[in-house]
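Scroll down for the structure; my scribbles are underneath it.
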Amino acid sequence: GKDVSSLIDKKIRLKLKGSRIYINSYINENNLLNLKLDKKNKTSKNKYKLNLATDSFQLPFGVSVVDFFPKKILVEVDKIIYKKVPVKLNLMNDLSEQYRVVGSSVSPSEVMIQGPRSAMRKVSHVFTAPISLSELSSDKEIKVKLNTLDSRISLKENNTDLVEVELLIRPKQSNLEIKNNKIYFLSSTQKFISSVKTAQLSVLVNDANTFELDRNKIRIIAIVPETNRKKIKIELKAELPDEIHLLKIKPRFIEVKLLK
């Protein structure tokens, strides 16, 4: 099929009658024209000179056209094409200086769009609506809409304009060191020994001077796998309450000797 790729006459002036509320809503929206492309109105391969009428305008209930100018417009049409483009995040630069974004994902990561070929050539991606980071201090999952496209371009049918965004937020530097935390070893049947029994945590809390530490809520875990090897290196994991933001575990890895 084909669609209007451009209006040679960029503006159409309308004199409207009706409720001020409905007129204002019409003015502030992207409004559509009802155009009939007859061969008798064709001036060249892709151009048509069309007569406008009062029913050419899609108006809200209670609003009517008193007059309009120009009475004729020149439009250019182009072939409708489809394209799959990636979705990019539109993150506002308002994250607290204490934190940084270390990872992000969006689902779906691509959407199918449609529009006239001349307009589609310029589109390589679609942005989400702006996402504020000002109140974020930890990982966040949110749903956001896609940004408004060129009025000639739309999402293909069955493509949603709502995407799911996951943001991984981490503090930049620690303000509290928690030492001598017991390591909890998890193993099904494997026997083992380790010379390292404790680990240190570098964390960020809201106020290190008044923060009350409860060690019962802190767990550093080492999962010992089933293996035939004599020694293995295990990465330590930490389970912490929401008010404690982990930056680093020292050591990050420990060596465990496995026994037969």
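Heavy atoms only: backbone and side chains are in, while hydrogens, waters and symmetry mates are out.
Side-chain atoms of Thr198 never come within 3.5 Å of backbone atoms of Lys182 as a donor-acceptor pair (strictly under, hydrogens ignored). Side chain of Asn181 to main chain of Ala199: a donor-acceptor pair is present (N/O by atom type, distance under 3.5 Å, no hydrogens or angles). Side chain of Asp139 to main chain of Ile169: a donor-acceptor pair is present (N/O by atom type, distance under 3.5 Å, no hydrogens or angles).
Separation of atoms NZ (Lys156) and CD1 (Ile113) is listed at 12.5 Å; rounding is to 0.5 Å. In this structure, NZ on Lys84 lies 5.0 Å from CE on Met112, to the nearest 0.5 angstrom. Here Phe192 contributes atom CZ and Thr227 contributes atom OG1; the two are 14.0 Å apart, rounded to the nearest 0.5 Å. For the atom pair Leu89 CG and Phe127 CZ, the distance stands at 9.0 Å (nearest 0.5 Å). Between the CD1 atom in Ile153 and the NZ atom in Lys122 there is a gap of 9.0 Å [rounded to 0.5 Å]. The distance from the OG atom of Ser96 to the CG atom of Leu136 is 10.5 Å, given to the nearest 0.5 Å.
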Give the C-alpha distance, both sets of side-chain angles, the deciding distance and a yes or no for side-chain hydrogen bond (donor to acceptor under 3.5 Å, both in side chains) between Glu164 and Ser107. CA-CA 5 Å; Glu164 294 185 3; Ser107 179; 5.5 Å; no
Where do Ser194 and Val256 land on the side chain to side chain contact (heavy atoms under 4.5 Å, CB included) test, with the steps shown first? CA-CA 5 Å; Ser194 172; Val256 172; 4.2 Å; yes
Begin from the C-alpha positions of Leu176 and Leu204 and carry the test side chain to side chain contact (heavy atoms under 4.5 Å, CB included) through to its verdict. CA-CA 6 Å; Leu176 181 64; Leu204 179 73; over 6 Å; no
Check against side chain to side chain contact (heavy atoms under 4.5 Å, CB included), Val77 and Tyr48: CA-CA 8 Å; Val77 299; Tyr48 293 78; 3.8 Å; yes
For the pair Val203 and Ser174, evaluate side chain to side chain contact (heavy atoms under 4.5 Å, CB included) and give the outcome as yes or no after the intermediate values. CA-CA 5 Å; Val203 301; Ser174 65; 5.7 Å; no
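Closest non-hydrogen pair, Val87 versus Val106, comes out as O-CG1, 3.7 Å. A pairwise comparison of heavy atoms in Pro130 and Asn147 identifies CD-OD1, 4.0 Å as the closest pair. Minimum heavy-atom separation, Val163 to Pro108: CG1-CD, 3.8 Å. Of all heavy-atom pairs spanning Val66 and Lys17, the tightest one is CG2-CB, 3.7 Å. Between Lys231 and Lys257 the shortest heavy-atom distance is CG-CA, 4.4 Å. Nearest heavy-atom pair across Leu133 and Asp94 is N-OD1, 2.8 Å.
Linking ILVMFWY side-chain heavy atoms closer than 4.5 Å, directly or via other members, places Val123 and Ile81 in a single hydrophobic cluster. Under a hydrophobic-cluster definition in which Ile, Leu, Val, Met, Phe, Trp and Tyr are linked whenever side-chain heavy atoms come within less than 4.5 Å, directly or via other members, Leu95 and Leu168 are assigned to different clusters. A continuous path of Ile, Leu, Val, Met, Phe, Trp and Tyr side chains, each step under 4.5 Å between heavy atoms, connects Ile218 with Val196, placing both in one hydrophobic cluster. Phe253 and Leu246 end up in different hydrophobic clusters when Ile, Leu, Val, Met, Phe, Trp and Tyr side chains are linked at under 4.5 Å. One hydrophobic cluster, built from ILVMFWY side chains closer than 4.5 Å, cannot hold both Ile220 and Leu247; they sit in different ones.
One finds a salt bridge joining Lys237 and Glu235 here, because a Lys/Arg side-chain nitrogen approaches an Asp/Glu carboxylate oxygen to under 4.0 Å. Salt bridge Glu166/Lys140: absent, no basic N to carboxylate O contact under 4.0 Å.
More than 12 non-hydrogen atoms from other residues, nucleotides or ligands lie less than 6.0 angstrom from NZ of Lys71. When the shell of 6.0 Å around CG of Asp214 is examined, it contains more than 12 heavy atoms from other residues, nucleotides or ligands. The number of heavy-atom neighbours closer than 6.0 Å to CZ of Arg20, taken from other residues, nucleotides and ligands shown, is 12 or below. Ile21 CD1: 12 or fewer foreign heavy atoms inside a 6.0 Å radius. Atom NZ of Lys250 sits in a crowded spot, with more than 12 heavy atoms from other residues, nucleotides or ligands closer than 6.0 Å. When the shell of 6.0 Å around NZ of Lys217 is examined, it contains 12 or fewer heavy atoms from other residues, nucleotides or ligands.
Remark: the Ser132 side chain and the Glu135 side chain contain no N/O donor-acceptor pair separated by less than 3.5 Å.
The closest side-chain heavy-atom distance from Met120 to Tyr82 is not below 4.5 Å. Between Val205 and Asn175, some side-chain heavy-atom pair lies under the 4.5 Å cut-off. Side-chain atoms of Leu186 and Val224, non-hydrogen and from C-beta on, never get closer than 4.5 Å to each other. Using a 4.5 Å cut-off on side-chain heavy atoms (C-beta onward), Leu240 and Leu201 make contact. With contacts defined as side-chain heavy-atom distances shorter than 4.5 Å, the pair Leu167/Val165 qualifies. Put simply, the side chain of Lys49 does not reach to within 4.5 Å of the side chain of Asn41, judged on heavy atoms. The side-chain heavy atoms of Pro225 and Ile232, taken from C-beta on, include a pair separated by under 4.5 Å. Leu16 is not listed as a side-chain neighbour of Tyr22, based on a closest heavy-atom distance of 4.5 Å or more.
Remark: Lys15 is not positioned above the aromatic ring of Phe68, lacking an NZ or CZ atom under 6.0 angstrom from the ring centre and at most 45 degrees off the axis. In this structure, Arg13 forms no cation-pi arrangement with Phe69, as its terminal cationic atom is not both closer than 6.0 Å to the ring centre and no more than 45° off the ring axis.
Under the 30°/60° scheme for interplanar angles, the aromatic rings of His245 and Tyr99 are found to stand perpendicular.
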